J.: 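Supplied in structure tokens, the structure appears directly below.
Per chain, numbering begins at 1; letters A, B, ... match sequence-line order. Computed from heavy atoms alone, side chains included, the values below leave out hydrogens, waters and symmetry copies. Worth saying up front: this structure is predicted, and the values here are computed from it rather than measured.
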Protein chains: 2
Amino acid sequence: MRVTKALSDSQRVRILMMLRGGELCVCRIVEVLALAPSTVSKHLSLLNEADLVEVRKDGRWAYYRLPQGDAMKAVRPVLKWLESALGEDGSVLRDADRLARVLSGAGEGSARRTKACPKEC
Amino acid sequence: MRVTKALSDSQRVRILMMLRGGELCVCRIVEVLALAPSTVSKHLSLLNEADLVEVRKDGRWAYYRLPQGDAMKAVRPVLKWLESALGEDGSVLRDADRLARVLSGAGEGSARRTKACPKEC
DNA sequence: TGCTAATGTCGTCACATAACGAAATGACAG
DNA sequence: CTGTCATTTCGTTATGTGACGACATTAGCA
């Protein structure tokens, strides 16, 4: 039930869909979802408990990603189904858009953020 | 989200698992789950809205079953995954047991209930 | 025509959970 | 060591949801 409960919230599904493109720093997810950091953190920890995401901690930053290796095998069918069920859903598409803008560093003073969160997250 | 929300409750998952063996009358589901009829009815209507079950009304009885035909195609992957994830879960196994006993008409005064709900549901 | 029985609907209550802000944690910079 | 920043944890509040019982509905039967 942990998995289905984790999937029963739309914000968590949005996170999973965003992670299809690769790992993301918490702060970027916060930016895209426009929720309080503490709220996003809670969602991520629920997804983690359900083994739907993995964490990689690097310095002060935490990077979340879809499961890799063996763990991926268990989760793959679910993700595939999610994707087909709502892969082209409105909010998912909008998130992808916003994420692209966030990753390219739009809206900030200078051209920073090459790929990962540092420098300037 | 309707589907994932429908799957996020354990009673509803129990119902889906029970239906793998074929259609069931509401009263039998009530008997196995040991919940109030109104509660079970609500669960069934949620599953129905999520297109995870179909209804067949016959006289005063309502028989629920997993989707057939085209609808089945959309739901199949989900059911397959559910089955592999918790097909041999404790409560699911216990339900199968109780269901078998209910269907065979154990615990009643006489030998009724040949296959469908009438006579004596 | 009424009666009975099986489902479904509605209102209510208790509890789960998503959201926030405040404070704790842990890591790096000085 | 101290300060700062990203993240997490904690406590609170508002809303969502599962459970029940009471009642409405509908189908068959006397």
Side-chain angles (χ1 to χ4, degrees), chain A residues 1-16 19 23-50 52-65 91 102 108 112-113 116-121, chain B residues 1-16 19 23-50 52-65 91 102 108 112-113 116-121:
Chain A
M1 297 302 321
R2 263 205 304 255
V3 175
T4 56
K5 280 203 184 301
L7 293 176
S8 72
D9 178 81
S10 64
Q11 316 285 21
R12 288 193 287 271
V13 172
R14 288 171 72 192
I15 293 175
L16 286 179
L19 291 178
E23 70 176 15
L24 288 174
C25 174
V26 176
C27 60
R28 313 244 163 145
I29 301 174
V30 166
E31 219 170 328
V32 172
L33 294 187
L35 291 173
S38 60
T39 303
V40 172
S41 180
K42 188 82 197 308
H43 282 311
L44 286 168
S45 93
L46 280 174
L47 286 170
N48 192 42
E49 279 169 35
L52 288 168
V53 301
E54 292 176 350
V55 211
R56 179 177 71 84
K57 304 231 176 183
D58 183 15
R60 300 180 244 210
W61 294 278
Y63 296 90
Y64 283 84
R65 63 186 175 197
S91 67
V102 166
E108 256 61 31
R112 48 246 174 90
R113 289 198 226 174
C117 239
K119 309 279 199 171
E120 304 281 340
C121 187
Chain B
M1 298 300 320
R2 263 204 306 255
V3 175
T4 55
K5 280 205 184 302
L7 293 175
S8 71
D9 178 79
S10 65
Q11 316 285 22
R12 288 192 287 270
V13 172
R14 288 171 71 193
I15 292 176
L16 287 179
L19 291 177
E23 69 176 15
L24 288 175
C25 173
V26 175
C27 60
R28 313 243 163 147
I29 301 174
V30 166
E31 217 169 330
V32 173
L33 295 187
L35 292 173
S38 60
T39 304
V40 172
S41 180
K42 188 85 196 307
H43 283 312
L44 287 168
S45 93
L46 279 174
L47 286 171
N48 192 42
E49 281 170 33
L52 287 169
V53 301
E54 292 176 350
V55 211
R56 179 176 71 83
K57 304 228 177 186
D58 183 15
R60 314 180 231 206
W61 295 277
Y63 297 89
Y64 284 83
R65 63 185 176 197
S91 67
V102 166
E108 256 61 33
R112 47 246 173 90
R113 284 197 229 179
C117 240
K119 305 279 199 173
E120 303 284 338
C121 187

J.: How many whole angstroms separate atom NZ of K42(A) from atom C1' of dA18(C)?
T.: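 Value for this atom pair: 8 Å.
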J.: How many whole angstroms separate atom CG of L33(B) from atom P of dT7(C)?
T.: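 Spelled out: CG on L33(B) to P on dT7(C) is 13 Å.
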J.: Once you round it to whole Å, what is the distance between P of dC20(D) and NE2 of H43(B)?
T.: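 So the NE2-P distance, H43(B) to dC20(D), works out to 8 Å.
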J.: Of all the nucleotides listed (dC20(C), dT8(D), dG8(C)), which has the minimum atom distance to the side chain of S41(B)?
T.: dG8(C)
J.: With respect to the side chain of A62(B), which nucleotide from dT9(D), dT8(D), dT7(C) is positioned closest?
T.: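 Per side-chain heavy atoms of A62(B), the pick is dT7(C).
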J.: Rounding to an integer number of Å, can you tell me how far I29(A) CD1 sits from dT8(D) C1'?
T.: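 Taking atom C1' of dT8(D) as the reference, CD1 of I29(A) is at 14 Å.
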J.: If every non-hydrogen atom of C25(B) is compared with every non-hydrogen atom of W61(B), which pair is closest and at what distance?
T.: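 Looking at all heavy atoms of both residues, the shortest contact is SG-CD1, 3.7 Å.
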J.: Where along residues 1-11 of chain A does a heavy atom fall under 4.0 Å from DNA chain D?
T.: none
J.: Only pairs at least two apart or in different chains count here, so list each side chain to side chain donor-acceptor pair (under 3.5 Å) that has a residue in residues 3-14 of chain A.
T.: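 The answer is Q11(A)-R14(A), R12(A)-H43(A), R14(A)-D95(A).
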J.: Quick check on side-chain contact (heavy atoms from CB on, under 4.5 Å): which of L47(B), N48(B), L44(B), V26(B) does V55(B) satisfy it with?
T.: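 When L47(B), N48(B), L44(B), V26(B) are each tested with V55(B), the side-chain contact (heavy atoms from CB on, under 4.5 Å) holds only for N48(B).
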J.: Any side-chain heavy atom of S45(A) within less than 4.5 Å of one from E49(A)?
T.: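 Counting from C-beta outward, S45(A) and E49(A) do come under 4.5 Å.
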J.: Between dT8(D) and Y64(A), is there an OP1 or OP2 to side-chain N/O distance shorter than 4.0 Å?
T.: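 The answer is yes; a side-chain N or O of Y64(A) sits under 4.0 Å from OP1 or OP2.
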J.: Considering all heavy atoms of both residues, which atom of Y64(B) and which atom of L19(B) are nearest to each other, and what is their separation?
T.: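 Closest heavy-atom pair between Y64(B) and L19(B): O-CD2, 3.4 Å.
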J.: Near R2(B) CZ, under 6.0 Å, is it more than 12 heavy atoms from other residues, nucleotides or ligands?
T.: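 Result for CZ/R2(B): open.
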J.: Take the protein atom CZ of R12(A) and the nucleotide atom C1' of dA16(C), then report the distance between them rounded to whole Å.
T.: 12 Å
J.: Take the protein atom CD of E31(A) and the nucleotide atom P of dC5(D), then report the distance between them rounded to whole Å.
T.: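 Between P of dC5(D) and CD of E31(A): 17 Å.
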J.: D58(B) CG to dT26(D) P: how many Å, rounded?
T.: 17 Å
J.: How many Å lie between CG on L35(B) and P on dA19(D), as a whole number?
T.: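 Between P of dA19(D) and CG of L35(B): 5 Å.
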J.: Find out whether L16(A) and L7(A) are in side-chain contact, i.e. whether some heavy atom of one side chain is under 4.5 Å from a heavy atom of the other.
T.: yes
J.: So, does T39(A) get its side chain near the phosphate of dA19(C), meaning an N or O under 4.0 Å from OP1 or OP2?
T.: no
J.: With a non-hydrogen cut-off below 4.0 angstrom, is K57(B) in contact with a base, only sugar-phosphate, or nothing?
T.: sugar-phosphate
J.: Assuming nearest nucleotide by heavy-atom distance, tell me which of L46(A) and S38(A) is located more 5' along DNA chain C.
T.: L46(A)
J.: Using a cut-off of less than 4.0 Å, is there contact between a side-chain N or O of R60(A) and OP1 or OP2 of dT4(D)?
T.: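 No, no such contact exists.
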